[in-house]
Amino acid sequence: MHSVTVLGAGSWGTALAFVLAENQHDTLIWSHRKDQSQEINDYHTNKKYLPDSELPTNLAATSDLQKALQHAPTIVLAVPTKAFREVIQNFLPYLSEPKTFVHVSKGIEPDSLKRISEIIEEEIPEHLRKSIVVLSGPSHAEEVVLRHPTTVTAASVDEHSAKFVQDLFMNHYLRVYTNEDVIGVELGGALKNVIALAAGIVDGLGYGDNAKAALITRGLAEISRLGIKMGAEPYTFIGLTGMGDLIVTCTSVHSRNWRAGNLLGKGNSLEQVLEDMGMVVEGVRTTKAAYQLSQKYDIEMPITHALYDVLFEGMTPKEGVDQLMLRTKKHELEDFKSF
Ligand SMILES: NC(=O)c1ccc[n+]([C@@H]2O[C@H](COP(=O)([O-])OP(=O)(O)OC[C@H]3O[C@@H](n4cnc5c(N)ncnc54)[C@H](O)[C@@H]3O)[C@@H](O)[C@H]2O)c1
Ligand SMILES: O=P(O)(O)OC[C@H](O)CO
């Protein structure tokens, strides 16, 4: 049994805390909202984020960040990318010894263009970090708490830490693999949200399975091109955190990114969609970051560009699809030839 703290009591933080508590670890989940930590302690539920689930009675919650930090040598960070730096800056004064940081957030910061592990490295001094592990893969919180078979990957440059995290989470419904390709795992998890928004849009427009398959396949191609240029291992993109997460996010009604895209395709405005969702839609900010990365690394990412135009430049979803379909003729593998 290990002591573990989970920071963030949204859908994913709660589902992961559920797994850790079921695995008999001494688990404390932190919410920045007191009413939410009280609900978890008093009723063993988190109705806003996982309305149909009962949480294990051995899962404790707090809204006291100092207590949360001091509870455990392993800290799981499960807050949206947008809140990531702020949460670290808030807990830094309470961090007095090195800890293992496991992050599960799927985004890239616009403008700085940092991946999440790079944000951790930037914000937490080296002597206060034992190691950094990213846990990612095709995993909807709603299905994990139903104990439906799910697979994810724990990636770290430190093999021992990746295996430690594998052991922490692994059980009969959550199978955890390890990988050392942190760049590939982080990019796959973040960039699939861009493609999932686009997949939701084509469904919202009423297009069919051909269009969806095209987006998943050509989406994987542009994610891989960028990722390889940024130093990722090519094979990571045909694994769980690449192709696996693309499939689950582009095809599931559980996906907030797919649902947001679907509403956009049906003609709703971005502002209206984000207001109605009430949960994080990581793909919106990550589309901006991916667009900037494609320019920085000079990589063609047509789906990302079309989505950027729809989200931020006033293009209609239908015009976005036309822009993709009417591009200059190409050989299927043309853009890979320079690799
Ligand atoms: N939901 C899933 O199934 C799932 C699966 C894998 C990965 N993820 C990733 O996990 C991350 C978190 O997603 P989620 O699904 O839990 O989101 P969510 O919208 O369900 O919950 C977000 C949580 O973060 C909290 N929060 C927001 N701003 C905050 C701030 N400034 N300070 C502290 N807390 C703040 C919210 O109160 C909420 O508890 C995302 O990057 C997402 O891509 C989600
Ligand atoms: O609901 P989404 O779109 O944020 O996706 C959740 C997970 O990332 C799926 O693996």
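Numbering of ligands and ligand atoms starts at 1, following listing order. Note that the structure is predicted; figures quoted are calculated from it, not measured. Values reported hereafter were calculated over all heavy atoms of this structure, with side chains retained and with hydrogens, waters and symmetry mates removed.
In this structure, the protein non-hydrogen atom closest to atom 25 (C) of ligand 1 is His32 NE2, 3.8 Å. Closest to atom 38 (C) of ligand 1, if we only count protein heavy atoms, is Tyr49 OH, 3.3 Å. Protein heavy atom in closest approach to atom 21 (O) of ligand 1: Gly10 CA, 3.2 Å. Closest protein heavy atom to atom 28 (N) of ligand 1: Ala83 CB, 3.7 Å.
With a 4.0 Å cut-off on non-hydrogen atoms, Ala9 touches ligand 1 through its backbone and not its side chain. At a 4.0 Å heavy-atom cut-off, ligand 1 does not touch Ser136 at all.
Against a heavy-atom cut-off of under 4.0 Å, Pro138 is close to the following atoms of ligand 2: 10 (O).
Contact record, Gly184 with Phe237: O-CE2, 3.8 Å, taken as the closest heavy-atom pair.
Taking 4.0 Å as the cut-off between side-chain N and carboxylate O, Asp322 and Lys318 count as a salt-bridged pair. Ionic pairing of Lys48 and Glu39 is not present here: no N-O contact between side-chain nitrogen and carboxylate oxygen is shorter than 4.0 angstrom. Using a cutoff of 4.0 Å between basic side-chain nitrogens and carboxylate oxygens, Glu123 and Lys114 are not scored as salt-bridged. Under 4.0 Å is where a charged nitrogen must lie from a carboxylate oxygen, and between Lys163 and Glu159 at least one such pair does.
Summarising the contacts of atom 1 (O) of ligand 2 with Arg256, His254, Glu142, the nearest heavy atom is found in Arg256. Across Val144, Asn193, Val104, heavy-atom proximity to atom 9 (C) of ligand 1 is greatest for Val104. Between Met279, Arg256, Lys192, it is Arg256 that holds the heavy atom closest to atom 1 (N) of ligand 1. Ranked by closest heavy atom to atom 3 (O) of ligand 2, the top entry among Ser136, Ser11, Ser255, Gly200 is Ser255.
Taking the six-membered ring for Trp and thresholds of 30 and 60 degrees, Tyr173 and Phe18 have ring planes more than 60 degrees apart, a perpendicular arrangement.
Checked against a 3.5 angstrom limit, the closest N/O atoms of Trp258 and ligand 2 fall outside it. Here's the thing with Val87: none of its N/O atoms is less than 3.5 angstrom from an N/O atom of ligand 1.
The closest approach between a heavy atom of Glu86 and any atom of ligand 1 is below 4.0 Å. At a 4.0 Å cut-off, not a single heavy atom of Ser31 sits close enough to ligand 1 to count as contact. Contact analysis leaves Lys82 out of contact with ligand 1, as no non-hydrogen atom separation drops below 4.0 angstrom. Ligand 2 is approached by Lys192 to a heavy-atom distance shorter than 4.0 Å. At least one heavy atom of Ser139 lies less than 4.0 angstrom from ligand 2.
Residues Leu307 and Val281 fall within the same hydrophobic cluster, defined by Ile, Leu, Val, Met, Phe, Trp and Tyr side chains chained together at heavy-atom separations under 4.5 Å.
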